[in-house]
Amino acid sequence: MQRACKKQCRAKINLSIDVLSRLPNGYHSVRMVMIRVNIFDTLSIELRDDGAVRVRSDSAGMPEGRDNLAVRAAEAFFERAGIKDSGCDIFIEKRIPMGAGMAGGSADAAGVINGLNELFGGVLTLKERMELGAALGADIPYCIHGGSVLAEGIGEVLTPLGRLPELWYVIAKPGRSVSTKWVYENLDFTRKPSGLDIDGLTAAIRQGSPDDMFKNMGNVLENAAIKVCPEIADYKREFLQLGADFAMMSGSGSAVFGVFKDKEAAEYAYRNFEINGMEGKWLTAQAE
């Protein structure tokens with residue numbers, strides 16, 4: 001049996017987020033359009049026979065032990081699959097920015113579940129892996145599944161949308177991060193972006209119409225996030241001034257992306273986007 005593998009764990013961005021209600025379990029009922037982009041962590045997994053699960057990273061900011069979602073994902077996989085006395089060493093080459101609303105931790109947890117499943121011969125189905133992921137975090141089922149999807153429920157009910165028109169994304173993250181928990185606790189359900197229309201967006205994607213996509217995109221979490229990270233509004237304005245067809249915060253923030261129909265325009269914006277206090281910026285395309 002193969003004892004080691006590597007996985008590319010891709011970041012996601014949200015092309016739209018609507019939050020419908022708060023649920024009794026603390027999660028929220030949502031409707032989101034999610035895609036993966038070509039920014040990824042590289043995960044190395046090596047099996048061990050003493051039942052221990054350990055994680056290391058090239059990033060000093062990564063949590064250790066069970067504070068790291070990747071560790072809890074490995075433990076949950078072994079329990080769900082009924083595999084006793086097995087453990088693993090996990091090494092994460094971190095490239096997805098943390099605290100960005102790009103599902104970096106969820107992508108790594110999904111990579112652990114998918115990687116271990118491969119090493120153990122596909123013992124869990126896709127449905128079982130997504131159920132396992134949903135018990136750990138709302139974004140993990142999507143990160144296991146991938147693609148361009150409409151996500152509903154708490155994020156675990158996924159409807160594939162097919163391939164998007166070719167678009168380019170410039171993503172920038174302020175130095176300040178935003179707490180997902182705080183944003184959801186402080187969002188105002190009544191203050192939704194004027195153009196936010198999930199059904200209109202999914203129809204535009206299926207029709208292959210970027211301009212109609214832009215008309216219907218929006219993120220209901222932005223208003224709350226801007227209260228603690230006003231740079232988000234500054235970044236949106238900067239992207240639009242640099243020629244973006246649309247600009248929006250991803251997830252619960254704090255990363256902001258500008259989306260472009262034209263690659264040269266995206267490259268120009270990438271070269272010229274400079275705001276003090278910026279943690280990093282990336283030029284990327286959609287990934288399958």
- Using side chain to side chain contact (heavy atoms under 4.5 Å, CB included) as the criterion, point out the one residue from E222, M248, K173, K236 that pairs with V256. K236
- Note on the structure: Between A109 and I140, the two heavy atoms sitting closest are CB-CD1, 3.8 Å
- Task: Test F78 against V53 for side-chain contact (heavy atoms from CB on, under 4.5 Å), laying out the working first.
- Result: CA-CA 10 Å; F78 290 128; V53 177; 4.2 Å; yes
- List in chain and number order the residues that pass side-chain hydrogen bond (donor to acceptor under 3.5 Å, both in side chains) with Q8, two or more places apart in sequence or in another chain; answer none if no residue qualifies. R10
- Can you find a pair of side-chain heavy atoms, one from D108 and one from S106, that are under 4.5 Å apart? no
- Message: As an exercise, state the distance from OG1 of T202 to CG of L161, rounded to the nearest 0.5 Å.
- Response: 6.5 Å
- Message: Using a 3.5 Å distance criterion without hydrogens, assess whether the side chain of T284 forms a donor-acceptor pair with backbone atoms of N38.
- Response: yes
- Item | Donor-acceptor contact below 3.5 Å, side chain N14 vs main chain I17 | no
- Query: Do other residues, nucleotides or ligands put more than 12 heavy atoms under 6.0 Å from N276 CG?
  - Reply: no
- Message: Side chains of K281 and E274, heavy atoms from C-beta outward: is any pair under 4.5 Å?
- Response: yes
- Item | Straight-line distance of K192 NZ to D197 CG, nearest 0.5 Å | 11.0 Å
- Message: Assess whether a salt bridge exists between R3 and E46, defined as any Lys/Arg side-chain N lying under 4.0 Å from an Asp/Glu carboxylate O.
- Response: no
- Task: Report yes or no: do I83 and L116 belong to one cluster of Ile/Leu/Val/Met/Phe/Trp/Tyr joined by side chain heavy-atom distances under 4.5 Å?
- Result: yes
- Minimum heavy-atom distance between Y235 and P174, given as atom pair plus value: OH-CA, 3.4 Å
- Query: Counting distance only, does the side-chain N/O of N219 pair as donor-acceptor with the main-chain N or O of M249 below 3.5 Å?
  - Reply: yes
- For E128, look at atom CD and say whether over 12 heavy atoms of other residues, nucleotides or ligands are found less than 6.0 Å away. yes
- Message: To the closest 0.5 Å, what do you measure between CZ (R129) and CZ (R80)?
- Response: 11.5 Å
- More than 12 foreign heavy atoms under 6.0 Å from CD of E267: is that the case here? yes
- Query: Is the shortest heavy-atom distance from the side chain of Y142 to the side chain of V149 under 4.5 Å?
  - Reply: yes
- Any chance you could pull the hydrophobic cluster mates of Y27, using side-chain heavy atoms under 4.5 angstrom and chaining through other members? L23, I154
- Message: Please give me the minimum heavy-atom distance between M98 and G61, naming the atom from each residue.
- Response: CE-C, 3.7 Å
- Message: Is the shortest side-chain heavy-atom distance between L15 and I35 below 4.5 Å?
- Response: yes
- Message: I need the full list of ring pair (Phe, Tyr, Trp, His ring centres under 6.0 Å) pairs touching residues 248-272, with sequence neighbours left out, sorted by first then second residue.
- Response: none
- Message: I'd like to know whether CD of E185 has more than 12 heavy-atom contacts from other residues, nucleotides or ligands below 6.0 angstrom.
- Response: yes
- Give a yes or no on whether a salt bridge exists between D41 and R95, defined as a side-chain N under 4.0 angstrom from a carboxylate O. no
- With side-chain contact (heavy atoms from CB on, under 4.5 Å) as the test, would you mind laying out the steps for S254 and R176 before giving the verdict? CA-CA 7 Å; S254 61; R176 195 189 325 232; 5.7 Å; no
- Message: Is there a path of hydrophobic side-chain contacts, each under 4.5 Å between heavy atoms of I/L/V/M/F/W/Y residues, joining M32 to L20?
- Response: no
- Shortest non-hydrogen contact from A103 toward D139: CB-OD2, 4.1 Å
- Query: Can you check whether W282 reaches V170 side chain to side chain, under 4.5 Å on heavy atoms?
  - Reply: no
- Item | In one Ile/Leu/Val/Met/Phe/Trp/Tyr side-chain cluster, 4.5 Å: V157, L201 | no
- Message: To the nearest 0.5 Å, what is the distance between CD1 on I144 and CG on L132?
- Response: 6.5 Å
- Q286 and S148: side-chain donor and acceptor closer than 3.5 Å? yes
- Any residue meeting side-chain hydrogen bond (donor to acceptor under 3.5 Å, both in side chains) with R271, in chain and number order, not counting sequence neighbours: none
- Message: As an exercise, state the distance from CE of M278 to CD of E238, rounded to the nearest 0.5 Å.
- Response: 9.5 Å
List the atom pairs, with distances to 0.1 Å, where a side-chain N or O of residues 205-212 and a protein N or O form a donor-acceptor pair under 3.5 Å, not counting sequence neighbours.
{"unit_1": "S209", "atom_1": "OG", "unit_2": "D212", "atom_2": "N", "d": "3.4"}
{"unit_1": "S209", "atom_1": "OG", "unit_2": "D212", "atom_2": "OD2", "d": "3.0"}
{"unit_1": "D211", "atom_1": "OD1", "unit_2": "K261", "atom_2": "NZ", "d": "2.9"}

- Query: Parallel, tilted or perpendicular: which fits the ring planes of F120 and F77, with parallel below 30° and perpendicular above 60°?
  - Reply: tilted
- Please check if atom CZ in R48 has more than 12 non-hydrogen atoms from other residues, nucleotides or ligands closer than 6.0 Å. yes
- Query: Given side chains that start at C-beta, do those of W168 and V259 come closer than 4.5 Å, heavy atoms only?
  - Reply: no
- Message: According to side-chain hydrogen bond (donor to acceptor under 3.5 Å, both in side chains), who are the partners of R31, at least two apart in sequence or on a separate chain?
- Response: E152, D199
- Task: Search all heavy atoms of A225 against all heavy atoms of V178 and return the closest pair with its distance.
- Result: CB-CG1, 4.3 Å
- Message: Any carboxylate oxygen within less than 4.0 angstrom of a Lys/Arg side-chain nitrogen, looking at E64 and R54?
- Response: no
- Side-chain heavy atoms of F214 within contact of L167, under 4.5 Å: yes
- Message: Please say yes or no: joined through hydrophobic side-chain contacts below 4.5 Å, possibly via intermediate residues, are M62 and F40 part of one cluster?
- Response: no
- Task: Look at the side chain of D67 and the backbone N and O of P63, then say whether any donor-acceptor pair between them is shorter than 3.5 Å.
- Result: no
- Message: If you count heavy atoms of other groups shown closer than 6.0 angstrom to CZ of R72, is the number above 12?
- Response: yes
- Query: Between CG of N114 and SG of C143, what distance do you get to the nearest 0.5 Å?
  - Reply: 10.0 Å
- Show your working on side-chain contact (heavy atoms from CB on, under 4.5 Å) between D58 and I92 and close with a plain yes or no. CA-CA 7 Å; D58 62 352; I92 302 172; 5.9 Å; no
- Task: Start with the C-alpha distance between M130 and L158, add both sets of side-chain angles, then the distance that settles side-chain contact (heavy atoms from CB on, under 4.5 Å), and finish with yes or no.
- Result: CA-CA 10 Å; M130 290 174 63; L158 306 180; 3.5 Å; yes
- Message: With a 4.5 Å cut-off on side-chain heavy-atom distances among I, L, V, M, F, W and Y, is there a chain of contacts connecting M217 to L240?
- Response: no
- Task: Flag the pair L196 / S16 as yes when at least one side-chain heavy-atom distance between them is below 4.5 Å, and no otherwise.
- Result: yes
- Item | Considering all heavy atoms, the nearest A255-I171 contact | CB-CG2, 4.1 Å
